[in-house]
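Mind having a look at this structure? Questions to follow.
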2 protein chains.
Amino acid sequence: MAKQAEGKASVSPGTQVTLAIGQRSTKQRAAVATALRDIDDFRSAQEIFEIVKSRGDNVSLTTVYRSLQAMASIGDIDVLLNSEGEALYRRCGQRSGHHHHLVCRKCGFTVEVEGPAVERWTHDVARKQGFTDINHTLDIFGVCSSCARKAKTARV
Amino acid sequence: MAKQAEGKASVSPGTQVTLAIGQRSTKQRAAVATALRDIDDFRSAQEIFEIVKSRGDNVSLTTVYRSLQAMASIGDIDVLLNSEGEALYRRCGQRSGHHHHLVCRKCGFTVEVEGPAVERWTHDVARKQGFTDINHTLDIFGVCSSCARKAKTARV
DNA sequence: CTCTTATTGATAATGATTGTCATTAAATCA
DNA sequence: TGATTTAATGACAATCATTATCAATAAGAG
Ligand SMILES: [Zn+2]
Ligand SMILES: [Zn+2]
Ligand SMILES: [Zn+2]
Ligand SMILES: [Zn+2]
């Protein structure tokens, strides 16, 4: 069995891919990682597949799915489900740990937010009810000022 | 056009169905509403379809979907997406308005929770970033004390 | 270079949800 | 009550994101 310590391996100029033990560094995964560096919004696997393709890299949709899942399971990227239950992915800011997202419903523009008070509250509520192994989801959706402006203009 | 004021119409002994303007009272929707009264957990449309059937009522899966959506859009029942993006439905406590859920990952046991401070926080954060038309999702998951007990016993 | 096996890609399959459309039956009214 | 209107239903096809298969490829250890 090929063992390998967890760590960074540069597989493409300017892009770093975190690998779990036993994982291999491939150009496909590097291509996905690179595409994620270019965008700052939450995007679906299909959209990321298109972005990768438009950059000239050729990766199958299946592999895009697998790469995103691998990255997400390591915590390298964030996942959130939109109101349709579709998974959206995003490479978030420098490992700021647990955080939440304020996402524009129209353009995907995302702001990372943290709220220690909220974290405390959810935990307290759950423990008070006797729950253990607690986790939570918290996402804020809205229309960013840019999109709101556009909508107003378009209506004229 | 058949106009009708919004209100309650009893369509089955012991069950009340809220109707929007223009909607009709049918035995199928009543059957779904009755099934929802019997359960206290969040369930998928498919599961509710089975429950309705097991009670002797015959409603097509398509209609179960439509009934649940209609009830949810009025706010008569709550919807939440599980980690797979599947919609789960539940008839919640007496119209307590906006609230959130603490759900057992194992058995589905649910506790309704409210947190004015969290509501204020999400709204403030979003507005501070210039967002409008704001909404949010907040769900807490864990293992209820009952399930935790069972797990400990089973392991012996 | 050789070998092991993780990874890929083409494709089929899954599974929840939605669309279609002819038929049924509430609600309204003569 | 019987006729009329059209919301609602049901059987079934269609979507669409995601997963499963499996043979072919290639990373990386020795
Ligand atoms: Zn994030
Ligand atoms: Zn949190
Ligand atoms: Zn509720
Ligand atoms: Zn809330």
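Every value quoted in this text rests on a predicted model; they were computed, and no experiment measured them. The figures here come from the full heavy-atom set of this structure, side chains too, leaving out hydrogens, waters and symmetry mates. Numbered from 1 within each chain, the chains take letters A, B, ... in sequence-line order.
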### Query
CG/A:L81 to CG/B:L81 distance, rounded to the nearest 0.5 angstrom?
6.5 Å
### Task
Give a yes or no answer on whether the side chain of A:E112 reaches the backbone of A:H99 with a donor-acceptor pair at less than 3.5 Å.
no
### Query
Rounded to the nearest Å, what distance is computed from the NZ atom of residue A:K53 to the C1' atom of nucleotide C:dG9?
14 Å
#### Entry: Side chain to side chain, B:E114 and B:E119, heavy atoms closer than 4.5 Å
no
### Message
At 4.0 Å (heavy atoms only), tell me whether A:E47 reaches a base, stays on the sugar-phosphate, or touches nothing.
### Response
nothing
### Task
Could you walk me through whether B:I39 and B:E47 pass side chain to side chain contact (heavy atoms under 4.5 Å, CB included), step by step?
CA-CA 11 Å; B:I39 56 183; B:E47 288 173 326; over 6 Å; no
### Message
Could you list the cluster mates of B:F109? Members are the ILVMFWY residues connected by side-chain heavy atoms closer than 4.5 Å, either directly or through other members.
### Response
A:L102, A:F109, A:V111, A:V113, A:V118, A:W121, A:V125, A:F131, A:I134, A:L138, A:I140, B:L102, B:V111, B:V113, B:V118, B:W121, B:V125, B:F131, B:I134, B:L138, B:I140
#### Entry: Rounded distance (nearest 0.5 Å) linking atom CD of A:Q46 with atom CD1 of A:I51
12.0 Å
### Task
Can you measure from NZ (A:K53) to CD1 (A:I48) and round to the nearest 0.5 angstrom?
14.0 Å
### Value in whole Å for how far the P atom of C:dT17 lies from CD1 of B:I48
10 Å
### Message
What is the separation between atom CD on A:Q23 and atom P on D:dA29, rounded to the nearest whole Å?
### Response
14 Å
### Task
Could you grab the distance from atom NE2 of B:H100 to atom CG of B:L80, nearest 0.5 Å is fine?
11.5 Å
### Query
Rounded to the nearest Å, what distance is computed from the CG atom of residue A:N58 to the C1' atom of nucleotide C:dG9?
10 Å
### Query
Does any residue of residues 82-90 of chain B have a heavy atom under 4.0 Å from DNA chain C, and if so, which ones, in number order?
B:E86, B:A87
### Task
Give the rounded distance in Å between these two atoms: CG of A:L68 and P of C:dT8.
11 Å
### Nonpolar side-chain network containing A:V143, other nodes, edges under 4.5 Å
none
### Query
With a 4.5 Å limit on heavy-atom distance, are the side chains of B:D40 and B:R90 in contact?
yes
### Task
Please report how far the helix from C:dC1-D:dG30 to C:dA30-D:dT1 bends, comparing the axis fitted to its first five pairs with the axis fitted to its last five, to the nearest 10 degrees.
30°
### Message
Measuring from atom CZ of A:R91 to atom OG1 of A:T34, what distance do you get when rounded to the nearest 0.5 angstrom?
### Response
10.0 Å
### Query
When you look at B:L36 and B:L68, which way does the side chain to side chain contact (heavy atoms under 4.5 Å, CB included) test go after all the steps?
CA-CA 10 Å; B:L36 285 169; B:L68 292 171; 4.0 Å; yes
### Query
Do the side-chain N or O atoms of B:Q46 get closer than 4.0 angstrom to the phosphate oxygens (OP1, OP2) of C:dA16?
yes
### Task
Taking the side chain as every heavy atom from C-beta outward, state whether A:C107 and A:D41 have any pair of such atoms under 4.5 Å apart.
no
### Query
If you check the B:R66 side chain, which of C:dT20, D:dT19, C:dT7 turns out closest?
C:dT20
### Query
Can a salt bridge be assigned to the pair A:R43 and A:E50 using a cut-off of 4.0 Å between side-chain N and carboxylate O?
no
#### Entry: Protein-nucleotide distance (B:F49, atom CZ; D:dG10, atom P), rounded to Å
10 Å
### Task
Round to the nearest Å and state the distance from A:Y65 atom OH to D:dA17 atom P.
6 Å
Is there any protein nitrogen or oxygen under 3.5 Å from a nitrogen or oxygen in nucleotides 12-15 of chain D, and what are the pairs?
from	atom 1	to	atom 2	distance (Å)
D:dC12	N4	B:T62	OG1	2.9

### Message
Whether B:S60 contacts D:dT9 is assessed here as follows: a side-chain N or O lying under 4.0 Å from the phosphate OP1 or OP2. Is that the case?
### Response
no
Please produce a list of atom pairs where a protein N or O lies less than 3.5 Å from an N or O of nucleotides 24-27 of chain D.
from	atom 1	to	atom 2	distance (Å)
D:dA27	N3	A:R24	NH1	3.1

#### Entry: Spacing between B:Q69 atom CD and D:dA8 atom P, to the nearest angstrom
13 Å
### Task
Would you please confirm or rule out a distance under 4.0 Å between OP1 or OP2 of C:dG9 and any side-chain N or O of A:Q28?
yes
